[in-house]
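To start, the structure itself, in structure tokens.
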Amino acid sequence: MKFAINYSPQAEKLWREGQIQVDLFKCPDWPELVKEVSAIHKLYVHCSLITWRGGLDNIDCDLLQRWLDQTETRVINTHFALAQSDLAESSVSPEAVVEHTSRVLSPLCERFGAENIVIENIPYPESGWIDALLQEVADPAVISEVVRRTGCGLLLDIAHAVRACEGTGRKDIKAYLNALPVQALRELHVVGILPEPDEDGIRHDHFALTDEDWALTEWALAQIRTEAWRKPDTLAFEYGGLGKRFAWRSDAAVIAAQAPRLYQLAKSV
């Protein structure tokens, strides 16, 4: 399994100095950044595509195809989100959510092949990034049915799953993870979660892994080794990045300490 890390100047410097090993840099879908980073290292593109509010209506398919052809991008990712406004003509139900999502994903699947599309589970609730989410998007049965009906793969973000489990009042995170369509797993995201919630009761992610995070990550890798879960192509450490959102969460010391351990875990399967 390949090991990837969010591209950041700190990660690049550590890689150049030989302090971390990286198979791929994971880059946001910023064409100039992709061009710049691809000149120094292999990378793949993580798209900002989202299944709600027309987020798949105006896709630059030529650009997506170029990334598939010219970088190590193997799948096109979408984020599974939906709001009440997306279902204006029908009442909210698990079936309505599945039908709507299958419909909006259909053109992307037809253009690139469903086997080349993955659906990422997102946290619930998420006031800082996506508000007014329907709780159904956090339901493993709904996610599984979307994957089954569309033929797409799963991009499993463990931190997102923890937050969705907590946000919907579920107590058993391992049972929650096992209820997801893990036999369709194509990519695994790992990052730390703050131990304490904020004033809205949310434990935010994209931080250093804690002991609790490490334990869950190692359990997930054990599931893959025993073939209870499909072996994904890539394990991505989603710590660090660029811009205001990540500038204060790109500590070189964290990357230097945690990336090698995750690299070894990725190579253990």
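Reckoned from all heavy atoms, side chains included, excluding hydrogens, waters and symmetry mates. Positions are given from 1 along the sequence.
Without hydrogens or angle criteria, Gln21 side chain to Tyr263 main chain gives no donor-acceptor distance under 3.5 Å. The backbone N or O of Cys109 sits nowhere less than 3.5 Å from a side-chain atom of Glu115 that would complete a donor-acceptor pair. A side-chain donor-acceptor contact under 3.5 Å links Ser144 to the backbone of Ala179. Looking only at distances, no side-chain donor or acceptor of Arg186 sits under 3.5 Å from a matching main-chain atom of Asn116. Using a distance-only test at 3.5 Å, with no hydrogens or angles considered, no donor-acceptor pair links the side chain of Ser106 to the main chain of Ser102. Remark: the backbone N or O of Asp205 is paired with a side-chain donor or acceptor of Arg249 at under 3.5 angstrom. Counting only distance, with no hydrogens or angles, the side chain of His206 and the backbone of Glu238 share a donor-acceptor pair below 3.5 Å.
With contacts defined as side-chain heavy-atom distances shorter than 4.5 Å, the pair Leu49/Ile59 qualifies. Looking at heavy atoms from C-beta onward, Leu188 lies out of side-chain contact with Thr217 at the 4.5 angstrom threshold. Looking at Leu87 and Leu134, their side chains come closer than 4.5 Å, going by heavy atoms from C-beta outward. Between Ile117 and Thr150 there is no side-chain heavy-atom pair separated by less than 4.5 Å. With contacts defined as side-chain heavy-atom distances shorter than 4.5 Å, the pair Thr101/Phe80 qualifies. Lys174 places a side-chain heavy atom less than 4.5 Å from the side chain of Asp172.
Open room surrounds NZ on Lys35; 12 or fewer heavy atoms of other groups in view lie less than 6.0 Å from it. Within 6.0 Å of CD on Glu212 lie no more than 12 heavy atoms contributed by other residues, nucleotides or ligands. More than 12 heavy atoms of other shown residues, nucleotides or ligands fall within 6.0 angstrom of atom CD in Glu17.
Residues forming a side-chain hydrogen bond (donor to acceptor under 3.5 Å, both in side chains) with Thr73 (at least two apart in sequence, or on another chain): Thr71. Residues that satisfy the salt bridge (charged side-chain N to carboxylate O under 4.0 Å, His left out) test with Arg230, not counting sequence neighbours, are absent from this structure. Annotation: ring pair (Phe, Tyr, Trp, His ring centres under 6.0 Å) contacts of Phe237 (sequence neighbours excluded): Tyr239. His100 pairs by the ring pair (Phe, Tyr, Trp, His ring centres under 6.0 Å) definition with nothing, not counting sequence neighbours.
A pairwise comparison of heavy atoms in Pro28 and Val34 identifies O-CG2, 3.7 Å as the closest pair. Ala138 and Tyr176 make their closest contact through O-OH, 2.6 Å (heavy atoms, listed as atom of the first residue, atom of the second, distance). Listed here is the closest heavy atom pair of Val191 and Phe207: CG2-O, 3.5 Å. Shown here for Ile20 and Ala11, the closest heavy-atom pair between the two residues is CD1-O, 3.7 Å.
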query = For His46 and His79, what are the C-alpha separation, side-chain angles and deciding distance, and is it a ring-ring contact (aromatic ring centres under 6.0 Å, His included)?
reply = CA-CA 10 Å; His46 184 72; His79 299 82; 5.3 Å; yes

request  = Begin from the C-alpha positions of Arg163 and Asp157 and carry the test salt bridge (charged side-chain N to carboxylate O under 4.0 Å, His left out) through to its verdict.
outcome  = CA-CA 10 Å; Arg163 292 181 54 192; Asp157 188 307; over 6 Å; no

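Listed by first then second residue, pairs satisfying salt bridge (charged side-chain N to carboxylate O under 4.0 Å, His left out) with a partner in residues 216-226 read Glu218-Arg261, not counting sequence neighbours. Annotation: salt bridge (charged side-chain N to carboxylate O under 4.0 Å, His left out) contacts involving residues 57-85, sequence neighbours excluded, comprise Lys2-Glu72, Glu72-Arg74.
For the side chain to side chain contact (heavy atoms under 4.5 Å, CB included) test with Ile143, the passing option among Val98, Asn121, Ile122 is Asn121; the others fail.
Using modelled atom types, one finds a donor on one side chain and an acceptor on the other under 3.5 Å when comparing Tyr44 with Glu187.
Ion pair Glu145/Arg148 flagged as a salt bridge, since at least one NZ, NE, NH1 or NH2 atom sits closer than 4.0 Å to an Asp/Glu carboxylate oxygen. With salt bridges taken as basic N to acidic carboxylate O contacts below 4.0 Å, one links Glu12 and Arg16.
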